[in-house]
There are 2 protein chains.
Amino acid sequence: MDKREKIITTAMNLFSQKGFEGTSVREIASAAGVNIAMINYYFVSKEKLFESVVEYKTSATRTMFAELDSNTALSPIEKVDKIIDRYVERMFAAPKFSHLLHRELSLSHRPKLHHAITEILLQNIFTIKTFLQKNIEKGVFKKVDTELTVCTIIGTISNILVSEEMCRKMLRKNKDFNPYQSKKLKERISEHLKQLMRSHLLKTNKTFKQ
Amino acid sequence: MDKREKIITTAMNLFSQKGFEGTSVREIASAAGVNIAMINYYFVSKEKLFESVVEYKTSATRTMFAELDSNTALSPIEKVDKIIDRYVERMFAAPKFSHLLHRELSLSHRPKLHHAITEILLQNIFTIKTFLQKNIEKGVFKKVDTELTVCTIIGTISNILVSEEMCRKMLRKNKDFNPYQSKKLKERISEHLKQLMRSHLLKTNKTFKQ
DNA sequence: TGAAATTAAACAAACGTTTAATTAATTTTT
DNA sequence: AAAAATTAATTAAACGTTTGTTTAATTTCA
């Protein structure tokens with residue numbers, strides 16, 4: 001890995017753990033094993049480094065929902081299942097980075113970064129929303145509030161993963177339970193959301209695994 | 001309002017807007033109209049001030065869910081409705097403070113504060129969870145994942161309110177729409193969650209306002 | 001008179017950033 | 001292909017600010 005990339009991944013980890021203001025440039029440089037001046041040399045400023053981190057991390061997963069949307073082999077409710085699975089997968093793969101985005105989103109004193117994150121997240125939201133709307137028009141799904149339904153899916157997942165300690169205590173697990181590594185929890189969340197969405201979206205009284 | 005309280009409310013607003021590290025003690029002192037030394041005189045340190053802010057804000061609403069729980073005049077699903085109404089109300093009353101809590105919760109480098117917030121939020125979660133469990137045992141509600149159901153309610157609301165700009169764009173509103181002041185949005189979220197919870201929890205096929 | 005409240009000033013430490021000098025790598029010229 | 005010239009990468013040190021906190025003197029109030 002070249003130094004530029006090493007700085008980005010190190011910064012991502014530190015920003016995720018301690019926030020933007022809570023992480024110093026010296027800390028990043030030291031953890032990445034580079035001279036402190038290299039950071040300004042490559043990224044101009046700390047804020048620009050942050051933007052690079054966001055861009056680096058989200059570019060890979062940007063097309064995920066769009067690809068899923070164009071897959072026509074699945075039934076509407078099966079697609080909902082897939083959307084849930086993929087989103088849960090994505091959040092579990094990098095929970096701390098998701099927190100970083102949400103944290104920055106809830107702050108208002110760095111407008112540029114705020115705007116950039118908003119645009120990134122909106123893409124995913126609109127893809128799902130449009131999918132739901134189409135199937136409501138077709139008469140396949142109930143006439144639900146599509147925008148808030150997307151919020152429910154995303155909000156549920158990010159809420160559970162907001163803190164390891166919180167998650168453990170809420171689920172009454174002991175100290176050696178690691179939420180972010182638990183395959184069981186991942187499946188449990190998927191199951192819950194699928195069941196929730198089936199009763200929410202489907203007109204007929206099909207109950208799911210219950 | 002005495003100076004101590006003035007410092008707390010000013011700090012709350014600034015911490016909410018700019019985060020803990022993003023707010024300086026000088027800034028708080030200046031905005032509160034007090035000498036900078038007064039903050040350490042009253043609160044010993046910046047971190048202790050933060051803890052005082054959290055304590056001050058949450059003490060008032062701490063008993064809310066417990067009181068609601070002991071109200072026996074309502075049917076189970078009506079109580080769910082009330083829980084949703086109250087929670088939405090609470091979040092809309094101080095959205096930025098909610099973000100402050102969630103932001104701090106997603107960081108791991110101030111363990112003391114992290115722990116304090118966890119305990120505060122857990123009280124509400126367990127009250128709702130226990131209520132759901134009781135009604136599942138009685139056979140009134142379906143056998144759902146109670147813990148994740150609570151996450152869904154809380155997560156949906158906090159996800160929508162995470163950012164004003166995000167909310168506006170997601171709901172396709174124009175610039176002069178103020179999400180945090182919108183009574184309509186508040187009702188819309190309540191409606192969505194009530195409908196969601198009825199299809200999720202109720203065994204019979206009662207659909208709600210649809 | 002004595003305790004509490006308030007102040008301006010200073011504290012050391014940490015912050016993000018820049019400088020200027022040096023080494024490494026690449027390109028151009030012979 | 002070797003030498004020279006040019007660009008890029010890297011470094012230690014210092015830059016001026018800002019940070020949270022403390023001091024010691026003064027004012028306020030009981």
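In the text below, chain A, chain B and the rest are named by the order of the sequence lines, each starting its count at 1. The basis for the numbers below is simple: all heavy atoms, side chains too, and nothing from hydrogens, waters or symmetry mates.
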So, does [X] get its side chain near the phosphate of [N], meaning an N or O under 4.0 Å from OP1 or OP2?
X       : N      : answer
B:Asn35 : C:dA8  : yes
B:Tyr41 : C:dA5  : yes
B:Ser24 : D:dT18 : no

(message) Categorize B:Ile39 for me: base, sugar-phosphate, or nothing, with a 4.0 angstrom heavy-atom threshold over every strand shown.
(response) nothing
(request) For A:Met38 and for B:Ala37, locate the closest nucleotide of DNA chain D by heavy-atom distance; then report the residue assigned to the nucleotide nearer the 5' terminus. (result) A:Met38
(request) With DNA chain D as reference, determine whether A:Lys3 or B:Thr23 sits nearer its 5' end, using the nearest nucleotide of each. (result) A:Lys3
(message) From the set D:dT21, C:dG16, D:dA9, return the single nucleotide nearest to any side-chain atom of A:Tyr42.
(response) D:dA9
(message) Using the side-chain heavy atoms of B:Val25, tell me which of these nucleotides is nearest: D:dG20, C:dT17, D:dT10.
(response) D:dG20
(message) With a 6.0 Å cut-off (strictly less than), is the heavy-atom count around NZ of A:Lys82, excluding the residue itself, greater than 12?
(response) no
(request) Among residues two or more places apart or on two chains, list those pairs meeting ring pair (Phe, Tyr, Trp, His ring centres under 6.0 Å) that have a residue in residues 27-52 of chain A. (result) A:Phe15-A:Phe50, A:Phe20-A:Phe50
(message) As a test of understanding, state which of B:Leu171, B:Asn178, B:Val88 forms a side-chain contact (heavy atoms from CB on, under 4.5 Å) with B:Leu185.
(response) B:Leu171
(message) We want to know whether A:Thr152 and B:Thr156 form a side-chain donor-acceptor pair, criterion being a heavy-atom distance below 3.5 angstrom.
(response) yes
